[in-house]
Amino acid sequence: MPDSSSAVRVAGLSKVFRVPEREAGLLAAAKSLVRRRTRDVCAVDAISFEIGAGEVVGFLGPNGAGKTTTLKMLSGLLYPSSGDATVLGHRPSQREREFLRQITLVMGNRNQLQWDLPALDSFELNRAIYRIPRNDFRPVRDELVELLDVGDLVRKPVRNLSLGERMKVEIVGALLHRPRVLFLDEPTIGLDVTMQRRIRTFLAEYNQRYGATVLLTSHYMADVEALCKRVIVIHHGRILFDGQLAALADRFAAYKTIEAVVGDGERISLRVPRNETSQATARLLADHEVHDLTVEDPPIEDVIELVFARESAE
Amino acid sequence: MNTLRVAALYLKVGVLNELQYRVNFFLNVLQALIQVATGLIVISLVYSHTPRLNGWTEPELLSLLGVQILLGGVIHTFVQPNMERLMEDVQKGTLDYALTKPEDSQVLVSVRNVRIWQLVEVISGLTLLGVGISRLQTSVGVLDALAFLVAILLGAVMLYSFWLVVTTGAFWVVRMEHVLELFEGVYQTGRWPVGVYPGWMRYGVTFLVPVGFAVTVPAQAATSRLHGGTFALAAGFAVLLFAFTRWFWRFGLRRYSGASA
(Lines give C-alpha, C1' and ligand atoms only; values in the text may rest on other atoms or scores of the structure.)
Protein backbone atom coordinates (compact mmCIF):
# COMPACT_ATOMS: atom_id res chain seq x y z
CA MET A 1 0.00 0.00 0.00
CA PRO A 2 2.69 2.59 0.78
CA ASP A 3 3.64 4.19 -2.48
CA SER A 4 6.49 6.46 -3.32
CA SER A 5 4.34 9.51 -3.98
CA SER A 6 3.89 11.94 -1.13
CA ALA A 7 1.01 11.52 1.29
CA VAL A 8 0.98 15.14 2.37
CA ARG A 9 1.91 18.04 0.18
CA VAL A 10 1.81 21.61 1.42
CA ALA A 11 2.69 24.63 -0.68
CA GLY A 12 2.68 28.21 0.54
CA LEU A 13 0.05 27.40 3.15
CA SER A 14 -1.03 30.33 5.34
CA LYS A 15 -3.66 30.95 7.96
CA VAL A 16 -4.50 34.41 9.18
CA PHE A 17 -6.79 34.79 12.18
CA ARG A 18 -8.62 38.02 12.76
CA VAL A 19 -8.73 38.56 16.50
CA PRO A 20 -10.59 41.28 18.36
CA GLU A 21 -8.36 43.61 20.28
CA ARG A 22 -9.01 46.15 22.94
CA GLU A 23 -7.42 47.84 25.91
CA ALA A 24 -8.23 46.60 29.39
CA GLY A 25 -11.01 48.29 31.32
CA LEU A 26 -14.68 49.06 31.22
CA LEU A 27 -14.52 52.05 28.92
CA ALA A 28 -12.54 50.18 26.32
CA ALA A 29 -14.98 47.31 26.58
CA ALA A 30 -17.90 49.66 25.95
CA LYS A 31 -16.13 51.22 23.00
CA SER A 32 -15.44 47.85 21.47
CA LEU A 33 -19.17 47.10 21.56
CA VAL A 34 -19.73 49.83 19.02
CA ARG A 35 -16.60 49.56 17.04
CA ARG A 36 -14.57 46.43 17.16
CA ARG A 37 -10.92 46.81 16.48
CA THR A 38 -9.32 43.72 15.09
CA ARG A 39 -5.82 42.66 14.39
CA ASP A 40 -4.67 40.06 11.90
CA VAL A 41 -2.54 37.34 13.37
CA CYS A 42 -0.63 35.21 10.95
CA ALA A 43 -0.61 31.82 12.66
CA VAL A 44 0.90 30.00 9.72
CA ASP A 45 2.95 31.94 7.21
CA ALA A 46 3.40 30.43 3.76
CA ILE A 47 4.86 27.10 4.77
CA SER A 48 5.75 24.35 2.30
CA PHE A 49 6.76 20.76 2.83
CA GLU A 50 6.09 17.24 1.64
CA ILE A 51 5.73 14.05 3.56
CA GLY A 52 6.18 10.71 1.87
CA ALA A 53 3.81 7.82 2.41
CA GLY A 54 4.82 5.84 5.47
CA GLU A 55 7.02 8.58 6.87
CA VAL A 56 6.89 9.63 10.53
CA VAL A 57 7.56 13.33 10.88
CA GLY A 58 7.88 15.30 14.09
CA PHE A 59 6.46 18.76 14.10
CA LEU A 60 8.31 20.87 16.66
CA GLY A 61 7.79 24.36 17.94
CA PRO A 62 6.93 26.31 21.06
CA ASN A 63 3.34 27.02 22.07
CA GLY A 64 1.63 29.20 19.52
CA ALA A 65 4.10 28.36 16.78
CA GLY A 66 1.36 27.26 14.41
CA LYS A 67 1.60 23.49 14.81
CA THR A 68 -2.01 22.85 15.76
CA THR A 69 -3.26 25.31 13.17
CA THR A 70 -1.35 23.43 10.48
CA LEU A 71 -2.67 20.08 11.68
CA LYS A 72 -6.18 21.48 11.65
CA MET A 73 -5.79 22.72 8.10
CA LEU A 74 -4.45 19.33 7.04
CA SER A 75 -7.36 17.51 8.65
CA GLY A 76 -9.94 19.78 7.04
CA LEU A 77 -11.02 21.67 10.16
CA LEU A 78 -9.69 25.03 9.10
CA TYR A 79 -9.85 26.74 5.76
CA PRO A 80 -6.44 27.97 4.70
CA SER A 81 -6.23 31.71 4.09
CA SER A 82 -4.00 31.04 1.13
CA GLY A 83 -1.81 28.35 -0.34
CA ASP A 84 -2.43 24.72 -1.07
CA ALA A 85 -2.62 21.56 0.93
CA THR A 86 -3.10 18.07 -0.44
CA VAL A 87 -3.48 14.97 1.68
CA LEU A 88 -3.71 11.62 -0.10
CA GLY A 89 -4.63 13.49 -3.23
CA HIS A 90 -7.55 15.28 -1.58
CA ARG A 91 -7.94 18.88 -0.64
CA PRO A 92 -8.67 18.68 3.11
CA SER A 93 -10.84 21.80 3.28
CA GLN A 94 -13.43 20.15 1.02
CA ARG A 95 -13.88 17.48 3.65
CA GLU A 96 -14.82 14.75 1.21
CA ARG A 97 -15.90 11.54 2.86
CA GLU A 98 -13.34 9.54 0.96
CA PHE A 99 -10.67 11.78 2.50
CA LEU A 100 -12.04 11.79 6.04
CA ARG A 101 -12.31 8.02 6.01
CA GLN A 102 -8.57 7.71 5.49
CA ILE A 103 -7.29 10.07 8.14
CA THR A 104 -7.52 10.38 11.86
CA LEU A 105 -6.88 13.18 14.30
CA VAL A 106 -5.89 12.58 17.90
CA MET A 107 -5.58 15.51 20.27
CA GLY A 108 -3.92 14.71 23.55
CA ASN A 109 -5.91 17.28 25.49
CA ARG A 110 -9.36 16.37 24.16
CA ASN A 111 -11.37 13.23 24.21
CA GLN A 112 -13.92 11.96 21.78
CA LEU A 113 -15.20 8.86 23.53
CA GLN A 114 -18.56 8.90 25.30
CA TRP A 115 -17.67 9.99 28.80
CA ASP A 116 -20.17 7.95 30.79
CA LEU A 117 -20.04 4.76 28.79
CA PRO A 118 -17.53 1.98 28.26
CA ALA A 119 -15.29 2.63 25.28
CA LEU A 120 -16.76 -0.39 23.51
CA ASP A 121 -19.97 1.58 22.94
CA SER A 122 -18.04 4.45 21.39
CA PHE A 123 -16.17 1.98 19.20
CA GLU A 124 -19.53 0.77 17.88
CA LEU A 125 -20.43 4.34 16.98
CA ASN A 126 -17.20 4.67 15.05
CA ARG A 127 -17.88 1.40 13.33
CA ALA A 128 -21.16 2.77 12.04
CA ILE A 129 -19.72 6.15 11.09
CA TYR A 130 -16.82 4.67 9.17
CA ARG A 131 -19.00 1.90 7.74
CA ILE A 132 -16.66 -0.85 8.82
CA PRO A 133 -18.16 -4.28 8.12
CA ARG A 134 -18.63 -6.21 11.34
CA ASN A 135 -16.34 -9.03 10.23
CA ASP A 136 -13.47 -6.67 9.52
CA PHE A 137 -14.08 -4.64 12.63
CA ARG A 138 -13.53 -7.27 15.29
CA PRO A 139 -10.02 -8.40 14.36
CA VAL A 140 -8.87 -4.77 14.00
CA ARG A 141 -10.34 -3.80 17.34
CA ASP A 142 -8.95 -6.83 19.13
CA GLU A 143 -5.55 -6.31 17.59
CA LEU A 144 -5.40 -2.68 18.70
CA VAL A 145 -6.64 -3.59 22.15
CA GLU A 146 -3.86 -6.13 22.40
CA LEU A 147 -1.11 -3.93 20.94
CA LEU A 148 -1.91 -1.18 23.41
CA ASP A 149 -2.44 -3.62 26.24
CA VAL A 150 -5.82 -2.15 27.02
CA GLY A 151 -7.56 -5.38 27.96
CA ASP A 152 -10.66 -4.95 30.07
CA LEU A 153 -10.37 -1.18 30.21
CA VAL A 154 -12.68 -0.98 27.21
CA ARG A 155 -15.49 -2.30 29.39
CA LYS A 156 -15.20 0.39 32.05
CA PRO A 157 -16.91 3.74 31.74
CA VAL A 158 -14.40 6.16 30.23
CA ARG A 159 -14.79 8.59 33.13
CA ASN A 160 -13.37 5.96 35.49
CA LEU A 161 -10.12 5.56 33.56
CA SER A 162 -6.86 7.27 34.41
CA LEU A 163 -5.48 9.85 32.00
CA GLY A 164 -3.03 7.38 30.50
CA GLU A 165 -5.58 4.59 30.20
CA ARG A 166 -8.00 6.98 28.58
CA MET A 167 -5.42 8.06 26.01
CA LYS A 168 -4.71 4.48 25.06
CA VAL A 169 -8.40 3.78 24.63
CA GLU A 170 -8.79 7.02 22.65
CA ILE A 171 -6.07 5.85 20.29
CA VAL A 172 -7.79 2.51 19.77
CA GLY A 173 -10.97 4.39 18.85
CA ALA A 174 -9.12 6.69 16.49
CA LEU A 175 -7.50 3.85 14.56
CA LEU A 176 -10.39 1.42 14.13
CA HIS A 177 -10.88 2.50 10.55
CA ARG A 178 -7.22 1.86 9.69
CA PRO A 179 -6.43 5.42 8.66
CA ARG A 180 -3.54 5.91 6.25
CA VAL A 181 -2.60 9.28 7.66
CA LEU A 182 -2.41 10.01 11.39
CA PHE A 183 -2.36 13.54 12.73
CA LEU A 184 -1.32 13.36 16.35
CA ASP A 185 -1.37 16.56 18.36
CA GLU A 186 0.59 15.96 21.55
CA PRO A 187 -0.71 12.44 22.09
CA THR A 188 1.43 11.93 25.20
CA ILE A 189 0.70 15.20 26.97
CA GLY A 190 0.40 14.83 30.71
CA LEU A 191 1.25 11.13 30.76
CA ASP A 192 3.86 9.51 32.95
CA VAL A 193 7.09 8.24 31.45
CA THR A 194 6.06 4.59 31.29
CA MET A 195 2.80 5.42 29.56
CA GLN A 196 4.57 7.75 27.14
CA ARG A 197 6.96 4.98 26.23
CA ARG A 198 4.12 2.53 25.78
CA ILE A 199 2.33 4.83 23.35
CA ARG A 200 5.56 5.57 21.52
CA THR A 201 6.31 1.90 21.04
CA PHE A 202 2.80 1.35 19.81
CA LEU A 203 2.98 4.17 17.27
CA ALA A 204 6.28 2.88 15.92
CA GLU A 205 4.82 -0.59 15.65
CA TYR A 206 1.67 0.65 13.97
CA ASN A 207 3.69 2.64 11.45
CA GLN A 208 5.83 -0.41 10.66
CA ARG A 209 2.90 -2.76 10.31
CA TYR A 210 0.61 -0.67 8.16
CA GLY A 211 2.93 1.86 6.59
CA ALA A 212 0.75 4.67 7.87
CA THR A 213 2.00 8.20 7.51
CA VAL A 214 2.31 10.02 10.82
CA LEU A 215 2.60 13.71 11.54
CA LEU A 216 3.20 14.19 15.22
CA THR A 217 3.57 17.22 17.44
CA SER A 218 4.98 16.87 20.90
CA HIS A 219 6.78 18.81 23.55
CA TYR A 220 8.55 15.69 24.70
CA MET A 221 11.76 15.29 22.81
CA ALA A 222 11.86 11.64 23.79
CA ASP A 223 8.76 11.11 21.63
CA VAL A 224 10.41 12.75 18.70
CA GLU A 225 13.74 11.02 19.10
CA ALA A 226 12.11 7.63 19.38
CA LEU A 227 9.71 8.00 16.48
CA CYS A 228 10.81 10.56 13.95
CA LYS A 229 13.81 10.47 11.70
CA ARG A 230 12.71 13.71 10.23
CA VAL A 231 11.59 16.86 12.00
CA ILE A 232 10.04 20.11 10.89
CA VAL A 233 10.72 22.98 13.24
CA ILE A 234 8.20 25.77 13.11
CA HIS A 235 8.25 29.09 14.92
CA HIS A 236 6.07 32.16 14.45
CA GLY A 237 4.31 30.31 11.66
CA ARG A 238 7.44 29.81 9.60
CA ILE A 239 9.55 26.74 9.01
CA LEU A 240 13.01 27.10 10.50
CA PHE A 241 14.27 23.65 9.76
CA ASP A 242 13.11 20.65 7.79
CA GLY A 243 15.35 17.61 7.66
CA GLN A 244 16.89 14.72 9.50
CA LEU A 245 16.77 14.98 13.25
CA ALA A 246 20.48 14.24 13.32
CA ALA A 247 21.21 17.17 11.01
CA LEU A 248 19.44 19.58 13.32
CA ALA A 249 22.35 19.61 15.75
CA ASP A 250 24.92 19.96 12.96
CA ARG A 251 23.19 23.00 11.73
CA PHE A 252 22.23 24.80 14.91
CA ALA A 253 24.40 23.62 17.75
CA ALA A 254 27.53 25.77 17.83
CA TYR A 255 29.40 23.45 20.12
CA LYS A 256 30.00 19.82 20.96
CA THR A 257 30.68 18.22 24.28
CA ILE A 258 33.86 16.21 24.82
CA GLU A 259 33.76 13.87 27.76
CA ALA A 260 36.93 12.15 28.80
CA VAL A 261 38.32 10.10 31.63
CA VAL A 262 41.91 11.16 32.20
CA GLY A 263 44.87 10.38 34.49
CA ASP A 264 43.75 8.66 37.64
CA GLY A 265 40.11 8.30 36.68
CA GLU A 266 39.18 11.97 36.73
CA ARG A 267 36.17 12.71 34.55
CA ILE A 268 36.24 15.95 32.58
CA SER A 269 33.72 17.57 30.31
CA LEU A 270 34.66 20.17 27.73
CA ARG A 271 32.39 22.31 25.65
CA VAL A 272 34.15 23.32 22.47
CA PRO A 273 33.09 25.18 19.35
CA ARG A 274 31.96 22.78 16.67
CA ASN A 275 34.69 23.59 14.13
CA GLU A 276 37.42 23.19 16.73
CA THR A 277 36.32 19.78 17.91
CA SER A 278 39.03 17.79 16.14
CA GLN A 279 41.85 20.08 17.23
CA ALA A 280 40.61 20.04 20.80
CA THR A 281 40.35 16.28 20.79
CA ALA A 282 43.87 15.93 19.35
CA ARG A 283 45.28 18.30 21.97
CA LEU A 284 43.54 16.47 24.74
CA LEU A 285 44.90 13.13 23.56
CA ALA A 286 48.40 14.53 23.15
CA ASP A 287 48.59 16.34 26.49
CA HIS A 288 46.90 13.86 28.79
CA GLU A 289 46.67 10.20 29.43
CA VAL A 290 43.12 9.49 28.21
CA HIS A 291 41.28 6.32 29.21
CA ASP A 292 37.97 7.03 27.60
CA LEU A 293 36.70 9.70 25.26
CA THR A 294 33.35 10.60 23.72
CA VAL A 295 32.34 13.51 21.52
CA GLU A 296 28.64 14.31 21.62
CA ASP A 297 26.12 16.73 20.25
CA PRO A 298 24.28 18.63 22.94
CA PRO A 299 20.91 17.14 23.99
CA ILE A 300 18.18 17.75 21.45
CA GLU A 301 16.24 19.93 23.90
CA ASP A 302 19.19 22.30 24.04
CA VAL A 303 19.48 22.36 20.28
CA ILE A 304 15.83 23.24 19.86
CA GLU A 305 16.18 25.97 22.42
CA LEU A 306 19.13 27.31 20.49
CA VAL A 307 17.09 27.33 17.31
CA PHE A 308 14.34 29.41 18.89
CA ALA A 309 16.79 31.68 20.69
CA ARG A 310 18.58 32.44 17.45
CA GLU A 311 15.29 33.16 15.70
CA SER A 312 14.23 35.63 18.40
CA ALA A 313 17.59 37.36 18.32
CA GLU A 314 17.35 38.05 14.61
CA MET B 1 -29.24 5.01 4.64
CA ASN B 2 -26.07 4.68 6.66
CA THR B 3 -26.77 8.13 8.02
CA LEU B 4 -30.02 6.81 9.49
CA ARG B 5 -28.18 3.90 11.04
CA VAL B 6 -25.66 6.25 12.61
CA ALA B 7 -28.48 8.39 13.96
CA ALA B 8 -30.25 5.35 15.40
CA LEU B 9 -27.06 4.13 17.03
CA TYR B 10 -26.43 7.53 18.58
CA LEU B 11 -29.97 7.46 19.91
CA LYS B 12 -29.27 4.11 21.50
CA VAL B 13 -26.04 5.32 23.06
CA GLY B 14 -27.82 8.44 24.25
CA VAL B 15 -30.48 6.31 25.94
CA LEU B 16 -27.78 4.18 27.58
CA ASN B 17 -26.20 7.37 28.85
CA GLU B 18 -29.47 8.66 30.23
CA LEU B 19 -30.40 5.47 32.00
CA GLN B 20 -27.62 6.22 34.46
CA TYR B 21 -29.40 9.31 35.66
CA ARG B 22 -32.73 8.02 36.86
CA VAL B 23 -33.40 10.84 39.28
CA ASN B 24 -34.08 12.98 36.23
CA PHE B 25 -37.11 10.86 35.52
CA PHE B 26 -38.81 11.85 38.76
CA LEU B 27 -37.83 15.47 38.37
CA ASN B 28 -39.36 15.51 34.92
CA VAL B 29 -42.56 13.89 36.12
CA LEU B 30 -42.87 16.59 38.75
CA GLN B 31 -42.14 19.30 36.23
CA ALA B 32 -44.69 17.91 33.79
CA LEU B 33 -47.38 17.74 36.49
CA ILE B 34 -46.83 21.37 37.42
CA GLN B 35 -46.87 22.38 33.78
CA VAL B 36 -50.13 20.59 33.06
CA ALA B 37 -51.78 21.87 36.24
CA THR B 38 -50.97 25.53 35.61
CA GLY B 39 -52.09 25.16 32.01
CA LEU B 40 -55.42 23.72 33.04
CA ILE B 41 -56.03 26.38 35.68
CA VAL B 42 -55.33 29.23 33.28
CA ILE B 43 -57.60 27.73 30.62
CA SER B 44 -60.49 27.20 33.03
CA LEU B 45 -60.03 30.79 34.27
CA VAL B 46 -60.28 32.16 30.74
CA TYR B 47 -63.35 30.11 29.90
CA SER B 48 -65.13 31.11 33.08
CA HIS B 49 -65.39 34.54 31.40
CA THR B 50 -66.04 33.62 27.80
CA PRO B 51 -67.32 30.57 25.88
CA ARG B 52 -64.97 31.19 22.94
CA LEU B 53 -61.50 32.66 22.58
CA ASN B 54 -60.79 33.89 19.07
CA GLY B 55 -63.16 31.17 17.80
CA TRP B 56 -61.61 28.39 19.92
CA THR B 57 -63.78 26.49 22.42
CA GLU B 58 -62.42 25.14 25.68
CA PRO B 59 -61.79 21.55 24.48
CA GLU B 60 -60.12 22.94 21.36
CA LEU B 61 -57.80 25.10 23.40
CA LEU B 62 -57.09 22.14 25.65
CA SER B 63 -55.99 20.26 22.54
CA LEU B 64 -53.80 23.19 21.59
CA LEU B 65 -52.15 23.13 25.01
CA GLY B 66 -51.66 19.38 24.57
CA VAL B 67 -49.92 19.93 21.24
CA GLN B 68 -47.77 22.68 22.69
CA ILE B 69 -46.58 20.48 25.55
CA LEU B 70 -46.12 17.48 23.27
CA LEU B 71 -44.05 19.38 20.74
CA GLY B 72 -42.12 21.06 23.53
CA GLY B 73 -41.34 17.60 24.85
CA VAL B 74 -40.05 16.48 21.47
CA ILE B 75 -37.81 19.54 21.26
CA HIS B 76 -36.56 19.12 24.82
CA THR B 77 -35.82 15.46 24.22
CA PHE B 78 -34.12 15.48 20.86
CA VAL B 79 -33.23 18.99 19.76
CA GLN B 80 -32.30 21.12 22.72
CA PRO B 81 -29.66 18.84 24.27
CA ASN B 82 -27.86 18.67 20.93
CA MET B 83 -27.97 22.39 20.42
CA GLU B 84 -26.69 23.06 23.93
CA ARG B 85 -23.83 20.67 23.29
CA LEU B 86 -23.12 22.32 19.97
CA MET B 87 -22.94 25.77 21.56
CA GLU B 88 -20.59 24.42 24.19
CA ASP B 89 -18.45 22.74 21.55
CA VAL B 90 -18.16 25.90 19.51
CA GLN B 91 -17.24 27.87 22.59
CA LYS B 92 -14.59 25.44 23.72
CA GLY B 93 -13.44 24.52 20.25
CA THR B 94 -14.29 20.87 20.76
CA LEU B 95 -16.40 20.50 17.67
CA ASP B 96 -13.33 19.19 15.84
CA TYR B 97 -14.02 15.53 16.34
CA ALA B 98 -17.50 15.77 14.89
CA LEU B 99 -16.08 17.44 11.80
CA THR B 100 -13.36 14.92 11.07
CA LYS B 101 -15.87 12.11 10.66
CA PRO B 102 -16.93 10.92 7.22
CA GLU B 103 -20.59 11.60 7.93
CA ASP B 104 -22.90 14.55 7.38
CA SER B 105 -21.83 17.06 10.00
CA GLN B 106 -25.31 18.52 10.44
CA VAL B 107 -26.71 15.08 11.18
CA LEU B 108 -23.89 14.31 13.60
CA VAL B 109 -24.33 17.47 15.64
CA SER B 110 -28.09 16.88 15.70
CA VAL B 111 -28.12 13.35 17.08
CA ARG B 112 -25.34 13.22 19.62
CA ASN B 113 -27.46 13.77 22.70
CA VAL B 114 -30.91 12.78 23.81
CA ARG B 115 -32.79 13.39 27.06
CA ILE B 116 -35.26 10.57 27.15
CA TRP B 117 -36.75 11.54 30.49
CA GLN B 118 -38.18 14.61 28.81
CA LEU B 119 -40.47 12.23 26.96
CA VAL B 120 -42.65 12.53 30.06
CA GLU B 121 -43.73 15.84 28.58
CA VAL B 122 -44.73 14.12 25.35
CA ILE B 123 -46.91 11.75 27.34
CA SER B 124 -48.58 14.49 29.33
CA GLY B 125 -49.09 16.47 26.11
CA LEU B 126 -50.71 13.47 24.47
CA THR B 127 -52.96 12.97 27.49
CA LEU B 128 -54.17 16.57 27.38
CA LEU B 129 -54.71 16.30 23.65
CA GLY B 130 -56.70 13.10 24.18
CA VAL B 131 -58.88 14.73 26.82
CA GLY B 132 -59.43 17.79 24.64
CA ILE B 133 -60.40 15.76 21.58
CA SER B 134 -62.75 13.49 23.56
CA ARG B 135 -64.69 16.54 24.71
CA LEU B 136 -65.12 17.92 21.21
CA GLN B 137 -68.64 18.00 19.73
CA THR B 138 -67.42 16.68 16.40
CA SER B 139 -65.57 13.44 15.88
CA VAL B 140 -62.09 13.34 14.44
CA GLY B 141 -61.73 11.54 11.10
CA VAL B 142 -58.89 9.51 9.68
CA LEU B 143 -57.92 12.37 7.39
CA ASP B 144 -57.70 14.74 10.37
CA ALA B 145 -55.50 12.30 12.22
CA LEU B 146 -53.23 11.96 9.23
CA ALA B 147 -53.04 15.71 8.77
CA PHE B 148 -52.27 16.02 12.46
CA LEU B 149 -49.34 13.62 12.26
CA VAL B 150 -47.87 15.39 9.26
CA ALA B 151 -48.44 18.77 10.87
CA ILE B 152 -46.66 17.69 14.06
CA LEU B 153 -43.75 16.51 11.97
CA LEU B 154 -43.68 19.83 10.09
CA GLY B 155 -43.82 21.66 13.41
CA ALA B 156 -40.88 19.67 14.73
CA VAL B 157 -38.92 20.40 11.55
CA MET B 158 -39.66 24.13 11.87
CA LEU B 159 -38.59 24.30 15.50
CA TYR B 160 -35.49 22.20 14.84
CA SER B 161 -34.54 24.46 11.95
CA PHE B 162 -35.09 27.54 14.06
CA TRP B 163 -32.91 26.11 16.82
CA LEU B 164 -30.11 25.13 14.49
CA VAL B 165 -30.09 28.50 12.73
CA VAL B 166 -29.85 30.28 16.05
CA THR B 167 -27.21 27.90 17.36
CA THR B 168 -25.19 28.21 14.18
CA GLY B 169 -25.01 31.87 15.11
CA ALA B 170 -22.56 30.73 17.78
CA PHE B 171 -19.98 30.47 15.02
CA TRP B 172 -20.03 34.25 14.93
CA VAL B 173 -20.84 35.40 18.42
CA VAL B 174 -19.44 32.40 20.33
CA ARG B 175 -21.29 33.01 23.60
CA MET B 176 -25.06 32.76 23.54
CA GLU B 177 -26.36 30.87 26.56
CA HIS B 178 -29.39 33.09 26.91
CA VAL B 179 -30.87 31.88 23.66
CA LEU B 180 -32.28 29.01 25.65
CA GLU B 181 -34.32 31.20 27.96
CA LEU B 182 -35.32 33.40 25.06
CA PHE B 183 -36.70 30.42 23.21
CA GLU B 184 -38.53 29.09 26.25
CA GLY B 185 -40.13 32.49 26.71
CA VAL B 186 -41.28 32.75 23.14
CA TYR B 187 -42.38 29.14 23.10
CA GLN B 188 -44.90 29.88 25.84
CA THR B 189 -46.76 32.08 23.35
CA GLY B 190 -47.66 28.83 21.61
CA ARG B 191 -50.16 28.06 24.37
CA TRP B 192 -52.58 30.37 22.70
CA PRO B 193 -53.76 30.24 19.10
CA VAL B 194 -51.78 32.51 16.80
CA GLY B 195 -54.96 34.45 16.04
CA VAL B 196 -55.24 36.01 19.51
CA TYR B 197 -52.07 38.04 19.04
CA PRO B 198 -51.98 41.49 17.43
CA GLY B 199 -50.77 41.64 13.82
CA TRP B 200 -47.04 42.31 14.20
CA MET B 201 -46.66 39.72 16.89
CA ARG B 202 -48.65 37.20 14.93
CA TYR B 203 -46.16 37.45 12.09
CA GLY B 204 -43.31 37.27 14.55
CA VAL B 205 -44.41 34.02 16.16
CA THR B 206 -45.39 32.59 12.80
CA PHE B 207 -42.37 33.27 10.65
CA LEU B 208 -39.60 34.69 12.80
CA VAL B 209 -39.85 32.19 15.62
CA PRO B 210 -42.19 29.67 14.03
CA VAL B 211 -43.84 28.68 17.31
CA GLY B 212 -47.29 29.74 16.22
CA PHE B 213 -47.11 27.76 13.04
CA ALA B 214 -45.54 24.76 14.67
CA VAL B 215 -48.15 24.48 17.43
CA THR B 216 -51.34 25.95 16.05
CA VAL B 217 -51.43 24.04 12.77
CA PRO B 218 -51.31 20.54 14.32
CA ALA B 219 -53.90 21.62 16.89
CA GLN B 220 -56.15 22.85 14.11
CA ALA B 221 -55.71 19.53 12.34
CA ALA B 222 -56.59 17.54 15.45
CA THR B 223 -59.73 19.59 16.01
CA SER B 224 -60.83 19.55 12.34
CA ARG B 225 -60.33 23.29 11.98
CA LEU B 226 -57.46 23.18 9.52
CA HIS B 227 -57.80 24.82 6.10
CA GLY B 228 -55.98 23.26 3.16
CA GLY B 229 -54.32 26.59 2.42
CA THR B 230 -52.84 26.92 5.90
CA PHE B 231 -51.61 23.37 5.70
CA ALA B 232 -49.88 23.94 2.37
CA LEU B 233 -48.37 27.17 3.67
CA ALA B 234 -47.01 25.38 6.73
CA ALA B 235 -45.56 22.59 4.60
CA GLY B 236 -43.96 25.02 2.18
CA PHE B 237 -42.57 27.10 5.00
CA ALA B 238 -41.12 24.06 6.79
CA VAL B 239 -39.36 22.87 3.65
CA LEU B 240 -38.03 26.33 2.91
CA LEU B 241 -36.81 26.83 6.44
CA PHE B 242 -35.12 23.45 6.46
CA ALA B 243 -33.33 24.16 3.20
CA PHE B 244 -32.20 27.52 4.51
CA THR B 245 -30.96 25.88 7.71
CA ARG B 246 -28.86 23.45 5.75
CA TRP B 247 -27.31 26.20 3.72
CA PHE B 248 -26.73 28.35 6.79
CA TRP B 249 -25.10 25.49 8.68
CA ARG B 250 -22.54 25.00 5.91
CA PHE B 251 -21.99 28.71 5.73
CA GLY B 252 -21.38 28.79 9.48
CA LEU B 253 -18.98 25.87 9.27
CA ARG B 254 -16.80 27.84 6.94
CA ARG B 255 -16.61 30.43 9.66
CA TYR B 256 -15.68 27.99 12.34
CA SER B 257 -12.11 28.41 13.33
CA GLY B 258 -11.93 26.45 16.54
CA ALA B 259 -10.16 27.57 19.67
CA SER B 260 -6.58 26.83 18.74
CA ALA B 261 -4.87 25.18 21.67
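Lettering follows sequence order; numbering is per chain, from 1.
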Around [X], counting heavy atoms of other residues, nucleotides and ligands shown, do more than 12 lie under 6.0 Å from its [atom1]?
| X | atom1 | value |
| --- | --- | --- |
| Trp247(B) | CH2 | yes |
| Arg138(A) | CZ | no |
| Phe251(B) | CZ | no |

Do the side chains of Thr100(B) and Thr104(A) get nearer than 4.5 Å, heavy atoms only?
no
Does Glu124(A) come within less than 4.0 Å of Lys12(B), counting only side-chain N to carboxylate O?
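Not counted as a salt bridge, because no side-chain N and carboxylate O are separated by less than 4.0 Å.
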For Asn111(A), is it the side chain, the backbone, both, or neither that has a heavy atom closer than 4.5 Å to a heavy atom of chain B?
backbone
If I compare all heavy atoms of [X] with all of [Y], which pair ends up nearest, and what's the gap?
| X | Y | value |
| --- | --- | --- |
| Asp121(A) | Leu16(B) | OD1-CD1, 4.0 Å |
| Arg110(A) | Lys92(B) | NH2-O, 4.1 Å |
| Leu9(B) | Ala128(A) | CD2-CB, 3.6 Å |

Chain A heavy atoms under 4.5 Å from Leu108(B): which part of the residue, side chain, backbone, both or neither?
side chain
Spatial distance of atom [atom1] ([X]) from atom [atom2] ([Y]) [nearest 0.5 Å]:
| X | Y | atom1 | atom2 | answer |
| --- | --- | --- | --- | --- |
| Ser75(A) | Asp96(B) | OG | CG | 7.5 Å |
| Leu117(A) | Asn17(B) | CG | CG | 4.0 Å |
| Glu103(B) | Leu125(A) | CD | CG | 11.5 Å |

For side chain to side chain contact (heavy atoms under 4.5 Å, CB included), just list the numbers for Tyr10(B) and Ile129(A), CA-CA rounded to whole Å, side-chain angles, deciding distance to a tenth of an Å, and then say yes or no.
CA-CA 10 Å; Tyr10(B) 262 105; Ile129(A) 289 173; 3.7 Å; yes
When Arg101(A), Arg95(A), Glu98(A), Gln114(A) are compared by non-hydrogen pairs under 4.5 Å with chain B, the top option:
Arg95(A)
Between His177(A), Glu186(A), Met107(A), the one whose heavy-atom pairs under 4.5 Å with chain B are most numerous:
Met107(A)
Are any side-chain N or O atoms of Asn2(B) and backbone N or O atoms of Arg131(A), one a donor and one an acceptor, separated by less than 3.5 Å?
no
